[in-house]
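Naming: A, B, ... by sequence-line order, numbering from 1 per chain. Computed from a prediction, not measured in an experiment: that's the story for all the values here. We use all heavy atoms of the structure for the numbers below, so side chains are in, but hydrogens, waters and symmetry mates are not.
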Amino acid sequence: MDDIFDLDEPFLPEQPSVTPKPKEPAFIHDLNPEQRQAVLTTEGPVLVLSGAGTGKTKVLTTRIAYLISQGFAWPRQILAVTFTNKAAREMKERLESMIGPASYGAWLGTFHAIGVKILRKFPEDVGLTRDFTVLNSDDQERVLKQIMTDAGIDVKRYAPATMLDIIQRWKDRGVMPEAVTAAQNTAYCEGRALSLYQAYQARLQSLNAVDFGDLLLLPLELFKKRPDVLQRYQQQFKYILVDEYQDTNVAQYLWLRLLAQEHRNICCVGDDDQSIYSWRGAEVENILSFKTIYPDALVVRLERNYRSTEHILGCASALIAHNEGRLGKTLKIGKHTDGPAEKVSIRGFWNGMQEAKGIVSDVEQEQLNGRSLSDIAILVRAGFQTRAFEEELIRAGIAYKIIGGFKFYEREEIRDAVAYLRLILNTNDDLSFLRIVNKPRRGIGDQALTAVSAAAKTFKLSLFDAVALAELKPAARKALDAFVQLMKQEREQAADLTPAQVARHILETSGYVDFWRQDKSIEAEGRLENLQELYNVLSDFNTLRDFIEYASLVTDADEQVTADQLVVMTLHASKGLEFGAVYLPGWEEGLFPHQKALDDGGHAALEEERRLAYVGMTRAREKVSISFAANRKVYGQWQNALPSRFIDELPPEHVIDLSDSSLGRHIRPDDVKGFVRTEHFWDSKPIQAFSPAVQSKRVGKRVYHDSFGYGTVIREEGERLEVHFDVSGTKKILAKFLEAV
DNA sequence: GGGTTGCCCGTTTTT
DNA sequence: CGGGCAACCC
């Protein structure tokens, strides 16, 4: 399916004997001068600072096409890494359309896919065998939880998810357990985080499994242990290209640094202003310090934006200018628009429901004006916001799709089905075994499984193989033998069947499909449909192994919006996309910037939130509509909020306030910049309808708190005051801890 | 072994 | 408010 997974290609290619041709290929002429420079400077380190909508994918693909077609390198001497499968696929397609089959054989894929490819070649050096499995986040948490429970840790107090996050951050930084320093250890889990990391890694190894972090970490380990292997890759990759460089973590940085050592032809494309994944381990520092690591690097700035109107660019630029420590780019308008552009609109609403109604009716108007639904997006900060829109869109009869949320491969029935397939392929897959051995119910309980694990431990076998040797009661013996027999039969037949046939057969004969047919819950029908969909997906693969590899790396259903429907998604998910009209609801303090981000990330997190706002606005070609609601139902309770400080950061000349006049003035050109706010936009009309807060002498007063600093009281509930702190956000505080100022 | 109740917790999530 | 999960009871 994907040439990245072709393991049998010749390892060391010959050097191309062709000398670069003097004549420029036609595709070069589509480039502007900066893009052209980024493409034609083939030798040495190049950093392309590529603002939103300035054609970065074009630069990357054209550069590869140029390198290959001009004889600078054979395809397999090119390593091009992306973050998403989608980006990799897109590059592959564009490349093929430019130079056709000449592009085949390039190492083009996600970091993780390339990691798998390398590890499958040298598994033994990192303690694996060739058929190791890749765990998804669900498996990871399950394994870790088990380990924590075994270690006697109260998983109620210490969430496995949080612990997993700590481990992931270590992996992101390229740190194996033995390399964790005292300073890096945390107090989490009573200071036992490190020992849990060790135990977790040991467990993965005994399962012959790796997690996503390992796909980056273990190749580094391999390179350390086998300098000869490293050297071969260093020699092979004559040209390295990196997409979304601002999102690389330390482990990825180390990869690139090691692999580029020999030829030093590394071209990184990114935008520090669009770095929105630091909470997942991405280090903006990588892009900021490129010039320090490669002092001879050519830095190219792509600032001609071919996407958005002057007003959108004006707002986005002004907003992002509030961040410090940027490499600094200014987007310039690169396209001619017909007629005057629409200003960025801002609308205040009374509550979240009205906001949804207002946006949906605006969408209807856009439709009447001839805009197609697929050209419209609603981008939210947090998942829960999508619900209000979903309800309104249904009411209005507008076709829509919510992107994200439930992932196809994370659904229970799909994971079960995949577990069956994995076990057929590899009976050593203990996790899959445990998942489905009693699903549907076969009368195999904890006792029986404990006996099987004991046997597995004693004889050093997989659970599957240990069944035969386990001490079991007659009923359990019968049930387990039948299960093992079934899987073995299936395994033998699998060779003669297509992957889709194997799946259909095992899920029918094992009773799994019946299990859902008999389920009378509302979701059961959908689950059966999903299994059908899985057969469809499977029909695209030649072997079960190909599918499993694909399914472990592609965690989303590859959501394609083909029909004419509007999309609703998070700002994070929108990166890299483009729409004619973009709605940005929920611009309120506490929601955007998000309170939680501010609480544990402080100023750095605020800047990341601002970058998120920048990403959101720059998705739009013609129209951006920002909105906020004074009241919002959060966790079943009405809460009120101030308009986001980001709204104040937009230049008045590019903005138009479309709010209902009864809500007062929202945009105050003379507003105090920064965090200090001394009045509310609704000061003239106190909110009482949804809030139990009564007017009091305390509301509106400035206060000081020892830990949170200065703030303004926004609500009073007896002695508990809700205070909007200038820096730390909104909190409920007992009056006695506050000082009036 | 399975269903029910009651409690806790709630941002974003490329692979 | 609602989902997820663990303890609890049948």
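- Ring geometry for A:H572 against A:W279 counts as perpendicular: the plane angle is over 60°, on a 0 to 90° scale with 30° as the lower cut.
- A straight line from CZ of A:F212 to P of B:dT14 spans 10 Å, rounded to a whole angstrom.
- Within 4.0 Å of A:G213, counting heavy atoms only, lies no atom of the nucleic acid at all.
- Using a 4.0 Å heavy-atom criterion, one finds that A:Y277 contacts the bases of the nucleic acid, with or without backbone contacts as well.
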Between A:F212 and A:Q168, does the side chain to side chain contact (heavy atoms under 4.5 Å, CB included) criterion hold? Intermediate values first, please. CA-CA 9 Å; A:F212 288 128; A:Q168 289 305 346; 5.6 Å; no

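- Taking side-chain N and O atoms only, A:N85 has a distance below 4.0 Å to OP1 or OP2 of B:dT15.
- Ring geometry for A:Y550 versus A:F547: interplanar angle of 30 to 60°, hence tilted.
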Could you go over nucleotides 5-10 of chain C and give all protein N or O partners under 3.5 Å, atom names and distances?
unit_1 : atom_1 : unit_2 : atom_2 : d
C:dA6  : OP1    : A:K145 : NZ     : 2.2

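- Close to B:dT13, at under 4.0 Å from its OP1 or OP2, lies a side-chain N or O of A:T570.
- Look at A:W279 and the base of B:dT13; the rings do not stack under the cut-offs of 5.5 Å between centres and 30° between planes.
- Between A:R381 atom CZ and B:dG10 atom P there is a gap of 15 Å when expressed in whole angstrom units.
- Heavy atoms of A:L379 sit nowhere under 4.0 angstrom from any nucleic acid atom.
- Computed from coordinates, the A:F384 CZ to B:dT11 P distance equals 10 Å when rounded to whole Å.
- A:D172 has its CG atom 11 Å from the C1' atom of B:dT15, to the nearest Å.
- Spacing between atom CZ of A:R280 and atom P of B:dT15 amounts to 9 Å, rounded to whole angstrom units.
- Comparing C:dG2, B:dT11, B:dT13 by their closest approach to the side chain of A:H594 singles out B:dT11.
- The phosphate of C:dG2 (OP1 or OP2) has a side-chain N or O of A:R387 nearer than 4.0 angstrom.
- With salt bridges taken as basic N to acidic carboxylate O contacts below 4.0 Å, one links A:K575 and A:D247.
- Between A:F646 and A:F592, the ring-plane angle classifies as perpendicular under the 30° and 60° cut-offs.
- No side-chain N or O of A:Y277 forms a donor-acceptor pair with one of A:N249 less than 3.5 Å apart.
- Note on A:A597: a base of the nucleic acid sits closer than 4.0 angstrom, heavy atoms only.
- In this entry the distance linking CG of A:L598 with C1' of B:dT12 reads 14 Å, nearest Å.
- Using modelled atom types and a 3.5 Å distance limit, the side chains of A:E355 and A:S627 yield a donor-acceptor pair.
- A donor atom on one side chain and an acceptor atom on the other are not found under 3.5 Å apart for A:R610 and A:Y614.
- Look at CD on A:Q168: it is 12 Å from C1' on B:dT13, rounded to the nearest Å.
- Mapping A:H112 and A:E609 onto DNA chain B by nearest heavy atom places A:E609 at the nucleotide closer to the 5' end.
- Whole-Å rounding puts the A:K171 NZ to B:dT15 P distance at 18 Å.
- Side-chain proximity of A:F83 to the nucleotides B:dT14, B:dT15, B:dT11 is greatest for B:dT14.
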